[in-house]
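Computed from a predicted structure; not experimentally measured. Computed from heavy atoms alone, side chains included, the values below leave out hydrogens, waters and symmetry copies. Note on naming: letters A, B, ... go to the chains in the order of the sequence lines (proteins, then strands), and numbering restarts at 1 for each one.
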Amino acid sequence: MRYSQLLIPTLKEVPSEAEVVSHVLLLRGGFIRKLTAGIYTYLPLGLMAIRKVEQIVREEMNRAGAQEVLMPMVQPADLWMETGRYKKYGPELLRFHDRHERESCLGPTHEEVITDIARKELHSYRDLPVNLYQIQTKFRDEIRPRFGLMRGREFIMKDAYSFDVDDAGAEVSYRKMYDAYRRIFTRCGLDFRAVQADSGAIGGNFSHEFMVLAKTGEDTIVICDSCDFAANKEKAAVVLRPAAEGEPLRVMAKVETPGKRKVETVCEFLGIGPEALVKTMVYKADGVPVAVLLRGDREVEEVKLKNLLGVADVELAGEQEVFDATRVPTGYLGPVGLSLRLVVDQEVAAMRNFTVGANEKNHHLQNVNLGRDFQVEAVGDLRRITVDDPCPQCGGRLALTEGIEVGHVFKLGTGYSQSMNATFQDSDGQGKHFVMGCYGIGVSRVVAAAIEQNHDEHGIVFPVPLAPFTVIVLNLGGKDETLCELAESLYGKLQAAGLEVLLDDRDERPGLKFKDADLLGIPYRVTVGNSYTKSGKVEVRRRRDGVVEELTPEETVTFLVERIGAELKK
RNA sequence: CGGGGCAUAGCGCAGCCUGGUUAGCGCGCCUGCCUUGGGAGCAGGAGGUCGCAGGUUCGAAUCCUGCUGCCCCGACCA
């Protein structure tokens with residue numbers, strides 16, 4: 001295509017609204033424009049990049065045996081009431097009424113709709129397994145949309161849903177998707193990790209997130225440097241190290257700690273380390289207060305707490321809520337004599353003679369011991385993993401790193417098929433619930449993630465498979481007819497050779513064309529200028545590393561076809 | 001939802017504290033000349049409900065009140 005005929009409104013200056021590099025470069029390169037918070041228009045170049053990702057996703061999904069469909073974005077509330085999610089989903093679900101006052105919502109995800117299709121259209125075990133997917137705009141009214149395409153309210157997602165006769169089948173479907181995802185992100189040219197993720201109530205090891213490694217990632221992942229263990233931080237199991245044996249149980253004693261409420265100040269006042277203190281935190285588990293015990297220097301991993309308690313949501317209680325539930329001011333809470341549900345981290349269960357709040361203002365208890373001085377409802381792994389913990393798989397050293405979640409595969413089980421009564425007739429004549437899986441890819445986020453991972457001070461450095469164009473031909477000929485004709489013929493020949501070429505035919509000075517070409521991140525640049533007049537060769541430059549080849553026009557075509565072909569095959 | 005910040009030309013900003021003619025600057029845009037290998041130069045020009053609504057005042061971009069929008073941080077440690 002011709003630059004002069006494309007809308008590519010590049011910006012010289014950094015728009016004030018943008019913070020992260022992908023957002024800045026997408027705006028500066030004229031790929032996107034914001035309409036309102038978290039909602040963007042994809043301009044021609046932005047859409048081309050999106051389409052590249054979509055095409056790779058489509059090819060790999062089809063190859064894995066999935067079938068493409070397209071479901072409605074507007075969905076009736078009734079369906080969501082069947083699964084109970086109309087209430088549970090919260091304010092992220094955008095609800096509205098149509099002219100007939102029917103309650104509706106914009107689809108943030110499509111389990112309900114697809115399960116409805118399944119129960120209506122899939123009747124026999126002979127119809128299974130089935131995997132249906134779509135690439136579609138989703139709407140989620142995020143608490144805080146940010147970072148451009150990274151966390152938008154409206155975004156493009158590929159979502160797939162598998163239906164199987166039983167768990168074994170579902171696990172095969174899951175594995176197929178897992179493998180397809182690996183191929184997709186590899187083909188996109190991304191540096192990514194598949195990490196274990198929280199699988200909530202379903203349990204088992206059937207939830208993986210695909211994380212693009214980048215500092216701006218909103219997730220933290222844990223990677224082992226000596227085995228293949230990789231997990232989302234919220235999922236990573238903490239290995240309980242054996243407690244030091246032998247310390248005799250001492251007599252519990254109340255001490256005065258006037259005005260000392262924080263772990264730090266209590267420890268300082270008592271002359272102990274935070275690892276000798278146990279803090280008591282009150283959470284609201286689906287609204288019900290629950291006390292959680294944790295070593296003084298540890299942090300709660302809320303996802304683990306949620307799973308241990310078997311609730312949908314946990315939230316730290318406020319000071320007033322804590323007082324209402326316990327009649328104790330925050331800072332002096334403790335497990336002894338507390339009348340709340342009580343769960344403890346496994347580490348605490350192994351401790352002896354620790355210090356806790358006395359449930360009385362300005363007092364703490366020392367030499368407290370679980371079992372002797374108080375009882376608990378449950379013990380489990382509740383704390384956030386740290387780099388000092390060993391790898392749960394091999395005991396090796398762990399590293400924490402940031403990642404951008406671009407994909408998630410998840411075994412759903414029969415939760416949706418049961419609540420929506422979606423069954424098929426099995427070979428034994430019995431009606432059974434579908435065993436489901438769901439698989440998502442943030443298509444628009446992939447573009448942002450790719451840029452987070454591939455850029456330099458001049459602009460984007462697109463991986464070849466995602467680049468809107470793989471070659472840009474700069475016509476620096478000005479009024480020189482020979483050069484203009486050469487640029488035109490090269491443009492034609494490269495296109496005829498099957499490459500996606502952008503011809504910068506604008507009546508602009510060379511400097512500006514170079515700057516724009518760099519900013520747009522097109523992998524290969526061909527410069528037709530006065531060096532050709534001198535030597536009969538044009539300059540072919542690779543965006544990624546600036547490596548330059550001086551080639552004749554004929555050589556240029558074969559060189560680029562070969563290079564780009566090789567990079568697409570990877 | 002809590003905290004902080006911002007809102008003046010397409011973009012980036014100044015002016016506001018200390019109210020006073022016609023609201024500025026850079027980039028971009030238009031016209032012409034000139035130039036053509038890293039965001040050129042010269043000349044001329046267009047473009048503004050100063051976010052919205054009230055209020056104070058002889059007079060408001062500027063002071064006050066309310067609202068809206070956007071951005072950032074947080075919504076996990078008692």
(message) If I pick the C1' atom on B:rA40 and the same atom on B:rU49, what distance separates them, to the nearest angstrom?
(response) 37 Å

(request) Could you work out the separation of B:rG2 and B:rC67 based on their P atoms and round it to a whole Å? (result) 12 Å

(request) Classify the nucleic acid contact of A:Asp480 as base, sugar-phosphate or nothing, counting any heavy atom under 4.0 Å across all strands shown. (result) nothing

(request) With P as the reference atom in both, quote the distance from B:rG44 to B:rG59 in angstrom, rounded to an integer. (result) 39 Å

(message) Test your reading of the model: is there a side-chain donor-acceptor pair from A:Lys284 to the backbone of A:Leu316, 3.5 Å cut-off?
(response) no

(message) By the 4.0 Å heavy-atom rule, please label A:Gly529 as base, sugar-phosphate, or nothing.
(response) base

(message) Looking at A:Lys279 and B:rC77, is any side-chain donor or acceptor paired with a base atom of the opposite kind under 3.5 Å?
(response) yes

(message) Measure NE2/A:His23 against C1'/B:rC11 and give the value in whole Å, please.
(response) 14 Å

(message) Under 4.0 Å, heavy atoms only, any strand: does A:Glu299 hit a base, just the sugar-phosphate, or nothing?
(response) base

(message) Salt bridge or not between A:Glu299 and A:Lys233? Use side-chain N to carboxylate O under 4.0 Å.
(response) no

(message) Just to be sure I understand the rule, does A:Val292 reach a base, reach only the sugar-phosphate, or reach nothing, if contact means heavy atoms closer than 4.0 Å?
(response) nothing

(message) Surrounding CD of A:Glu550 (heavy atoms of other residues, nucleotides or ligands, distance under 6.0 Å), is the total greater than 12?
(response) yes

(request) Determine the interatomic distance between P on B:rC63 and the same-named atom on B:rC17; round to the nearest Å. (result) 5 Å

(request) Using only heavy-atom distances, decide whether a donor-acceptor pair under 3.5 angstrom links the side-chain of A:Arg525 to the base of B:rG38. (result) yes

(request) State whether the distance check finds a donor on one side and an acceptor on the other, under 3.5 Å, for side chain A:Glu19 versus base B:rC72. (result) no

(request) Would you please confirm or rule out a distance under 4.0 Å between OP1 or OP2 of B:rC70 and any side-chain N or O of A:Thr36? (result) yes

(message) Please report the distance separating the P of B:rG39 from the corresponding atom of B:rG28, rounded so that it comes out in whole Å.
(response) 12 Å

(request) With the side chain of A:Pro510 defined as its heavy atoms from C-beta on, choose the nearest nucleotide among B:rG37, B:rA75, B:rG39. (result) B:rG37

(message) I want to verify a distance call: between B:rA40, B:rC27, B:rG38, whose nearest atom is closest to the A:Lys515 side chain?
(response) B:rG38

(request) Quickly, which of A:Phe269, A:Phe354, A:Tyr332 forms a ring-ring contact (aromatic ring centres under 6.0 Å, His included) with A:His364? Name it, please. (result) A:Tyr332

(request) Would you mind classifying the nucleic acid contact of A:Leu474 as base, sugar-phosphate or nothing, using non-hydrogen atoms under 4.0 angstrom? (result) nothing

(request) Please state how far atom CD in A:Glu315 lies from atom P in B:rG2, giving the value in whole angstrom units. (result) 14 Å

(request) Decide, yes or no, whether a salt bridge links A:Arg151 with A:Glu218 under the criterion of side-chain N to carboxylate O below 4.0 Å. (result) yes

(request) Give the minimum heavy-atom separation between A:Leu11 and A:Leu519, together with the two atoms involved. (result) O-CD2, 4.3 Å

(message) Classify A:Ala317 by what it touches in the nucleic acid, base, sugar-phosphate, or nothing, heavy-atom distance under 4.0 Å.
(response) base

(request) Would you kindly compare A:Ala37 and A:Phe514 by the position of their nearest RNA chain B nucleotide and give the one closer to the 5′ end? (result) A:Phe514

(request) Look at all strands and tell whether A:Glu539 reaches a base, only sugar-phosphate, or nothing, counting heavy atoms closer than 4.0 Å. (result) base

(request) Could you let me know what B:rU62 is paired to, Watson-Crick or G-U wobble, both distances under 3.5 Å, or none if it's on its own? (result) none

(request) For the pair A:Arg140 (side chain) and A:Pro108 (backbone), establish whether a donor and an acceptor sit closer than 3.5 Å, ignoring hydrogens and angles. (result) yes

(message) Using a 4.0 Å heavy-atom cut-off, does A:Lys513 contact any base of the nucleic acid, only the sugar-phosphate backbone, or nothing at all?
(response) nothing

(request) Taking atom P in both B:rU8 and B:rA14, compute the distance separating them and give it to the nearest angstrom. (result) 11 Å

(request) Spell out yes or no: do the side chain of A:Glu508 and the base of B:rG39 have one donor N/O and one acceptor N/O closer than 3.5 Å? (result) no

(message) Nearest to the A:Lys34 side chain among B:rG37, B:rA75, B:rC70, which nucleotide is it?
(response) B:rC70

(message) Under 4.0 Å from OP1 or OP2 of B:rA78: is there any side-chain N or O of A:Lys262 that close?
(response) yes

(request) List the steps, then state whether salt bridge (charged side-chain N to carboxylate O under 4.0 Å, His left out) holds for A:Glu347 with A:Arg383. (result) CA-CA 9 Å; A:Glu347 191 174 38; A:Arg383 63 167 255 242; 3.5 Å; yes

(request) Could you check how far CD of A:Glu142 sits from C1' of B:rC70, rounded to whole Å? (result) 17 Å

(message) Taking 4.0 Å as the cut-off, does a side-chain nitrogen or oxygen of A:Ser16 come that near to OP1 or OP2 on B:rG12?
(response) yes

(request) Mind calculating the distance between CD1 (A:Ile143) and P (B:rC72) to the nearest angstrom? (result) 14 Å

(request) Select base, sugar-phosphate, or nothing to describe what A:Leu512 touches, counting heavy atoms under 4.0 Å on all strands. (result) base

(message) If you compare every side-chain N and O of A:Arg146 against the phosphate oxygens of B:rC72 (OP1, OP2), does one of them come in below 4.0 Å?
(response) no

(request) With P as the reference atom in both, quote the distance from B:rC42 to B:rU35 in angstrom, rounded to an integer. (result) 15 Å

(request) Could you tell me the separation between the NZ atom of A:Lys361 and the P atom of B:rA78, rounded to a whole number of Å? (result) 18 Å

(message) Suppose we define a pair by two distances each less than 3.5 Å, Watson-Crick or G-U wobble; what does B:rG74 pair with here?
(response) B:rC1

(request) Ignoring the backbone of A:Thr527, work out which of B:rG37, B:rA78, B:rU36 is nearest its side chain. (result) B:rG37

(message) Under a 3.5 Å distance rule, please check whether A:Asn359 uses its side chain to pair with a backbone N or O of A:Val336 as donor and acceptor.
(response) yes

(request) Respond yes when some side-chain nitrogen or oxygen of A:Arg261 is under 4.0 Å from OP1 or OP2 of B:rA78, and no when none is. (result) no

(message) Once you apply a heavy-atom cut-off of 4.0 Å, does A:Arg28 come out as touching a base, just sugar-phosphate, or nothing?
(response) base

(message) Looking at A:Glu13 and B:rG28, is any side-chain donor or acceptor paired with a base atom of the opposite kind under 3.5 Å?
(response) no

(message) Using whole Å, what does the distance between atom P of nucleotide B:rG37 and atom CD of A:Glu550 come to?
(response) 15 Å

(request) In whole angstrom, give the distance that lies between atom CG of A:Leu277 and atom P of B:rC77. (result) 16 Å

(request) Could you check A:Arg153 against A:Lys12 and say which one's nearest nucleotide on RNA chain B is further toward the 5' end? (result) A:Lys12

(message) Among B:rG39, B:rC71, B:rU36, which nucleotide has an atom closest to any side-chain atom of A:Thr10?
(response) B:rG39

(message) Measuring only the C1' atom in each nucleotide, how far is B:rC16 from B:rG32? A whole number of Å is fine.
(response) 39 Å

(request) Ignoring backbone atoms, establish whether A:Arg144 has a side-chain N or O less than 4.0 Å from OP1 or OP2 of B:rC73. (result) yes

(request) Verify the contact: side-chain N or O of A:Ser531 to OP1 or OP2 of B:rG37, cut-off strictly under 4.0 Å; return yes or no. (result) no

(request) Starting from P on B:rA75, measure out to CD on A:Glu92 and report it in whole angstrom. (result) 16 Å

(request) Under a 3.5 Å limit for both distances, which nucleotide forms a Watson-Crick or G-U wobble pair with B:rC25, could you say? (result) B:rG12

(message) For the backbone of A:Met1 and the side chain of A:Tyr491, can you confirm whether one donor and one acceptor N or O come within less than 3.5 Å of each other?
(response) yes

(message) Starting the side chain at C-beta, find the nucleotide from B:rA78, B:rU36, B:rC1 nearest to A:Lys479.
(response) B:rU36

(message) On the side chain of A:Arg541, is there an atom forming a donor-acceptor pair with the base of B:rG37 - under 3.5 Å, no angle test?
(response) no

